[in-house]
Amino acid sequence: MSPLWPCVLVSATGILAAAIPHPGGSVLYNLTTQLLQQYHKEVRPVHNWAEATTVYLDLLVHTVLDVDVQNQKLKTIVWYHEVWNDEFLSWNSSKFDEIKAISLPLSAIWAPDIIINEFVDIERSPDLPYVYINSSGTIKNSKPIQVVSACSLQTYAFPFDVQNCSFTFNSILHTVEDIDLGLLRHREDVKHDKMAFFNDSEWEILAVSSMYNVLHIATGDFAQIQFNVVIRRCPLAYVVSLLIPSIFLMLVDLGSFYLPPNCRARIVFKTNVLVGYTVFRVNMSDEVPRSAGSISLIGIFFTVCMALLVLSLSKSIMLIRFLLSERSSGQKQPLRCLQGCVDEDGSRIDPGAQRAGVTAFPIYQDHWVQSGTLKEIWFQLRSINNHLQTQEQVDQQKVAWLALLYRFDQLLFRSYLAILGLYTITLCCLWAQWSGW
Ligand SMILES: *[C@@H]1O[C@H](CO)[C@@H](O)[C@H](O)[C@H]1NC(C)=O
Ligand SMILES: *[C@@H]1O[C@H](CO)[C@@H](O)[C@H](O)[C@H]1NC(C)=O
Ligand SMILES: *[C@@H]1O[C@H](CO)[C@@H](O)[C@H](O)[C@H]1NC(C)=O
Ligand SMILES: *[C@@H]1O[C@H](CO)[C@@H](O)[C@H](O)[C@H]1NC(C)=O
Ligand SMILES: *[C@@H]1O[C@H](CO)[C@@H](O)[C@H](O)[C@H]1NC(C)=O
C-alpha cells in the first residue's frame, strides 16, 4: 500500500494544478506583484528619512462589557482605525485598468507600532490579515479590539455614577520625529458620535473627547493621542432593586409610630423591620460595587438607614421602659401604703381583741366582740376608701403620664422625621452633584 501513496498524491496535485487557473495573467496579480516586488517592509515608507510618517487615528466605542470597580478595570469593545501614507505603494491607476484600491496582507507591509497605554490584559481582537490601500498609497487599517484597560473608577455616586476613562495611543518605540499622530476626524465629530455605541447595555456614552499632545520623557519626545470616554450608568435597575425597597422599609418603620407608644407590639414590629432590612442588605451586598479606596454613597445610605431603624427602635424601647418603671413605682406605692395601713391597724386591734377575749366576762365579751366588729368594719371601710382614693390618684397619674408619653413620642417622631428629611435632601444633593446633572 505505502509505495502507492506518492503516485496517488502526485497525480492528484497534477489534476488540481490543471483545474485551477493561474492568477498570473490578471491585472490585480500584475499590480500586486509589481507593488511588492521591490518592497521592503523593514523600511519606514518615506523617500526623505527626515520626514515623519503621520498616522491618523480614530476610535469608536462599541460596547462597555464590564466595569470592574474592585480591580479598577474597564472592559470595552472599540473599533480602532488607523490611516497612514506609504510612499512606496502607489501606482498610476490608468495603467492598471483603473484599479483604485486593493487589499494587501498586513504582514507584507510596514505598519506602525501603536498601542493603547492603559491596557492591562491581552487585547483580544480578531486577527484581520488585510489592509486596504488606494492608488495614492494611503493605507487603511481597522479592527475591533476588546480592550481591558486600567481606569480610575469612582464609586461615590453609585448607581448615579459617571466614569471618565482614557485610552492613550502612542508608538511604543518611535519618537515624534519618526511617527507623528493625528486625528482622522474632526474633534467635534468624534465627541458627539454615538452611532456605533450599542445602546442596550447598562452604560450610556456621554462624550468622547480627544486630545493630541507630545510627551517629553528621557528617551525622547513621543506623540500621543488621548481619547477620554465618558460613560454614565443607567441607574434604573439599581433604583428599583436597591433604593426603593430601602425607602419602603423606612416608610414602614415610620408608619409604626402610629401604633400607640405603650403598645409593646410596636417593639416587635420595629425589630421585625430591622431584621428584614438586615436580610435585604445581605441579599443585595453583591450588587453594590466595592472598592478598597473609596466609600460609596449608597453604602453610607444603607448604614444610615440601619442606624435610623435602630434609633427608632431604641426610642420605642426607651418609651416602654419609662412607662413600665412609672407603672411599677405608681402601683407599688399605694399597695405598700395599703399594706402598711392594714398592718398598723391590725397590730393595734388584735392585741386589744386578744386581751378582751382573754380577760373580759362573757357578757362584756359579746359587747366587746360587737364593738370590735364595728371598729373592724369601720377600719375596713376606711381602708377601702383609702384604697379607692389612691387608685383614683394612680389612675389620674397614669393618664397624665400617658399624655406626657404621647407628647414625648410625638416629639421623637418629629425629630426622627426631621433627621430623615435632612438626610434625604443631603443625599439627593450629593448624588446630583456627583453624577454631574
Ligand atoms: C501581466 O504582466 C505580464 C508580464 O509581466 C503580461 O504578459 C500580461 O499581459 C500582463 N497582464 C495584463 C492583464 O496586463
Ligand atoms: C498615468 O498614466 C497615463 C498613461 O499611461 C499618463 O498619461 C499619466 O500622465 C500618468 N499619470 C501620472 C500621475 O503619472
Ligand atoms: C486615497 O485615500 C486618501 C484618503 O482617504 C485620499 O485623500 C486620496 O485622494 C485617495 N486617493 C485616490 C487616488 O483616490
Ligand atoms: C476626563 O479626564 C480627563 C483627564 O484625565 C480630563 O481632561 C477631562 O476633562 C475629563 N472629562 C470629563 C467630562 O470630566
Ligand atoms: C444609540 O442611541 C443613539 C441616540 O440615543 C442613536 O443615535 C444611535 O443610533 C443608537 N445606536 C444604536 C447602535 O442603536
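All ligand and atom numbering here is 1-based and tracks the order in the structure.
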Could you tell me which atoms of ligand 3, counted from 1 in the order shown, lie closer than 4.0 angstrom to a heavy atom of T138?
1 (C), 2 (O), 3 (C), 4 (C)
So if I count the atoms of ligand 3 from 1 in the order they appear, which ones are less than 4.0 Å from some heavy atom of S136?
1 (C), 8 (C), 10 (C), 11 (N), 12 (C), 13 (C)
In ligand 2, which numbered atoms sit nearer than 4.0 Å to a non-hydrogen atom of S94?
1 (C), 2 (O), 3 (C)
Under 4.0 Å from a heavy atom of N92: which atoms of ligand 2 are those, numbered in the order shown and with their elements?
1 (C), 2 (O), 3 (C), 8 (C), 10 (C), 11 (N), 12 (C), 14 (O)
Distance from C151 atom SG to N164 atom CG, nearest 0.5 Å?
7.0 Å
Describe, in one word, how the ring planes of [X] and [Y] are oriented to each other, choosing from parallel (under 30°), tilted (30 to 60°) and perpendicular (over 60°).
| X | Y | answer |
| --- | --- | --- |
| F198 | H62 | tilted |
| W110 | W84 | perpendicular |
| Y423 | F301 | parallel |

Any side-chain donor paired with an acceptor under 3.5 Å for [X] and [Y]?
| X | Y | answer |
| --- | --- | --- |
| D113 | S171 | yes |
| Y277 | D253 | no |
| Y238 | E202 | yes |

Check whether any N or O atom of S135, backbone or side chain, sits under 3.5 Å from an N or O atom of ligand 3, and answer yes or no.
no
May I ask you to check whether N134 has an N/O atom sitting below 3.5 Å from an N/O atom of ligand 3?
yes
At a heavy-atom distance under 4.0 Å, which protein residues reach ligand 4? Sort them by chain and number, would you?
N164, N228, V230
Relative to Y56, does K140 satisfy both conditions: NZ or CZ under 6.0 angstrom from the six-membered ring centre, and within 45 degrees of the ring's axis?
no
Do you know which of R414, K315, R266 makes salt bridge (charged side-chain N to carboxylate O under 4.0 Å, His left out) with D409?
R266
